[in-house]
Amino acid sequence: MLNVALVAIVLAIATAAYLLFFRGEPEAAGTTRPTVTVARGDVTAGVSSSGTLQSSQTASPQFATSGTVTAVLVKVGQVVAKGAAIARIDPAAAEREVRIAEQNQIAAANSVTAAQETLDDAEDAKQAADEAAAEPTPTPTPGEQAQAQAQSQSQGQSPEVAVSNAEASLARAKADKEQADQNLEAAQSDVTNTTLKAPIAGTITAINGSVGSVAGGSSGSGSTGSTGTGATGQGSTGGSSSTTTSSAAGTGFVDISDLKTLQVVASFPEADAVKIKTKQAATVTLNAEPGSTLTATLTSVSPTPTTTNGVVSYSATFTLAKVPASARIGQTANVTVQTAKATNVLYVPTTSIVTSGTTHTVTMANGAGSREVQIGVQGGSFTQITSGLDEGDQIELIQGAIGTGGAGQGRTGAGGTGQFPGGGTGQFPGGGTGQFPGAGTGANRGR
């Protein structure tokens, strides 16, 4: 009896499953698809990416003169002007080098004077010899003869060779003097560079050294500008450098960023990168402030790509029209670039169009069949119709375009941009009101 009861239970379950899944399917297949009216408005196409807020100009100045840090004159968060004193090192060694260079310069100047006098004497002797050779008849006086003899014995060389040697000596003396001048100038510059100065105006974001540490050792540029992606500009004031290392810091002694001119740097895959170009308008949202939308302009696109795990992308830089007071460098930003726009045109949801090769068709409502259409601007949610439909026509949405089966399209307020007219960020017409049947409610979900 127990076996008979078990068989009966199994048969009941199988019958219920058949009625639920097999008899219910024809009814679902006959469910009416949602429809939408062909409307008129603006259609905008764009590409999106995410990046970070960065300063358009940064610097990491370092001491160009080596020495022990004696004073740090700034604090993190302090705003400094260009040329403001940041820190100082002990100037004693640099000042000693100045004194040595000054003595060398005096000695070099004296050598030039002596060499010039020697050359003058040699030229006078040569001139006397030339004049004597041109007048052979007169007999030289005993005094003149003795003078010429003395010069010849002292020099041990002809007047021509004496002049040539004197000229070479003067040239070497002048070269030594020029080098001594340069050495003195460098030594004086080292004294000046014992005070580190800000190469740009901005905010101190980090201090990498401290009093008592050893800093400096070379010179170079230490600021980056907003031209292009990662463009480097000369920004050394008082011998600053961001390219040197020291025991006080891994890069510069301090880090400075201009927080008044922030920009967004984002990477776009190569398929999207070919659609963007400088001066295009863009919208930016910050993850920290999802309710606010900022306007920006595409400033530059890197001409060279970056490849990560086989994916090729290009870096793009966007300048914000206005920087919010709460914005901070390093914040995540979502940016959308407007690549095309059609104004006052017919449009339909992109999910209502079936594309096969170069042919585009839509399904008319109420069983009126399909119709081939020509399309224009293709936005992420809406597509411009250039021919094939009239304003007010009713068309069907593709099955699966509404609810969770449609990859997120058609849900109320999906992603903040919205598929349907009525709100969103303004990238595309509409967004997020659930104008069409089943939008975000689960009706026809996934079909």
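This chain uses plain numbering: 1 for the first residue, then up along the sequence.
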Residues in side-chain hydrogen bond (donor to acceptor under 3.5 Å, both in side chains) with Q280, at least two apart? none

Atom pair OH (Y314) and OG (S49), whose distance is rounded to the nearest 0.5 Å: 14.5 Å

With sequence neighbours left out, what residues match T261 under side-chain hydrogen bond (donor to acceptor under 3.5 Å, both in side chains)? S56, D258

For F268 and F318, take the angle between the two ring planes, folded into 0 to 90°, and tell me which bin it lands in: parallel under 30, tilted 30 to 60, perpendicular over 60. tilted

Using a 3.5 Å distance criterion without hydrogens, assess whether the side chain of T205 forms a donor-acceptor pair with backbone atoms of D255. yes

Checking D130 now: which residues fulfil salt bridge (Lys or Arg N to Asp or Glu O under 4.0 Å) with it, not counting sequence neighbours? K126

Answer yes or no: is there a donor N or O on one side and an acceptor on the other, between the side chain of S302 and the main chain of T304, under 3.5 Å? yes

Name the residue from T37, T363, V348 that meets the side chain to side chain contact (heavy atoms under 4.5 Å, CB included) definition with I395. V348

Not counting sequence neighbours, which residues clear salt bridge (Lys or Arg N to Asp or Glu O under 4.0 Å) with R371? List them please. D393

Is there a side-chain contact between I200 and K82 in this structure, where contact means two heavy atoms from C-beta onward sitting under 4.5 Å apart? no

Polar contact flag, side-chain donor to acceptor under 3.5 angstrom, T319-T299: yes

Is a side-chain N or O of S55 found less than 3.5 angstrom from the main chain of Q57, in a donor-acceptor match? yes

For residues 163-184, pull every pair meeting salt bridge (charged side-chain N to carboxylate O under 4.0 Å, His left out), keeping only residues two or more places apart or in separate chains. K177-D181

Whether S189 side chain and E185 backbone form a donor-acceptor pair below 3.5 Å: no

Between N344 and G41, is there a donor-acceptor pair closer than 3.5 Å when you use the side chain of the first and the backbone of the second? no

Looking at residues at least two apart in the chain, or sitting in another chain, which of them share a side chain to side chain contact (heavy atoms under 4.5 Å, CB included) with S326? E289, P324

Kindly compute the distance separating CD1 (I256) from OG1 (T58), expressed to the nearest 0.5 Å. 9.5 Å

Test side-chain hydrogen bond (donor to acceptor under 3.5 Å, both in side chains) applied to E123 - qualifying residues, sequence neighbours left out: none

Residues that E117 engages under side chain to side chain contact (heavy atoms under 4.5 Å, CB included), provided they are two or more places apart: T113

Which residues pass the side-chain hydrogen bond (donor to acceptor under 3.5 Å, both in side chains) test with Q331, sequence neighbours left out? none

May I ask you to decide if I398's main-chain N or O and T351's side chain share a donor-acceptor pair within less than 3.5 Å? no

Under the side chain to side chain contact (heavy atoms under 4.5 Å, CB included) rule, what do N104 and N183 come out as? Steps first, then yes or no, please. CA-CA 9 Å; N104 290 339; N183 292 343; 5.9 Å; no

With no hydrogens and no angle check, just 3.5 Å: does a side-chain donor-acceptor pair link T383 and T350? yes

Pairing residues for A85 by the side chain to side chain contact (heavy atoms under 4.5 Å, CB included) criterion, not counting sequence neighbours: L73, T195

Sub-4.5 Å side-chain heavy-atom contact between V38 and I385: no

Quick check: do T306 and S267 have side-chain heavy atoms less than 4.5 Å from each other? no

Residues in salt bridge (Lys or Arg N to Asp or Glu O under 4.0 Å) contact with R96, at least two apart in sequence or another chain: none

Can you sort out the partners of A166 under side chain to side chain contact (heavy atoms under 4.5 Å, CB included), two or more places apart, ordered by chain and number? T118, L119, A122

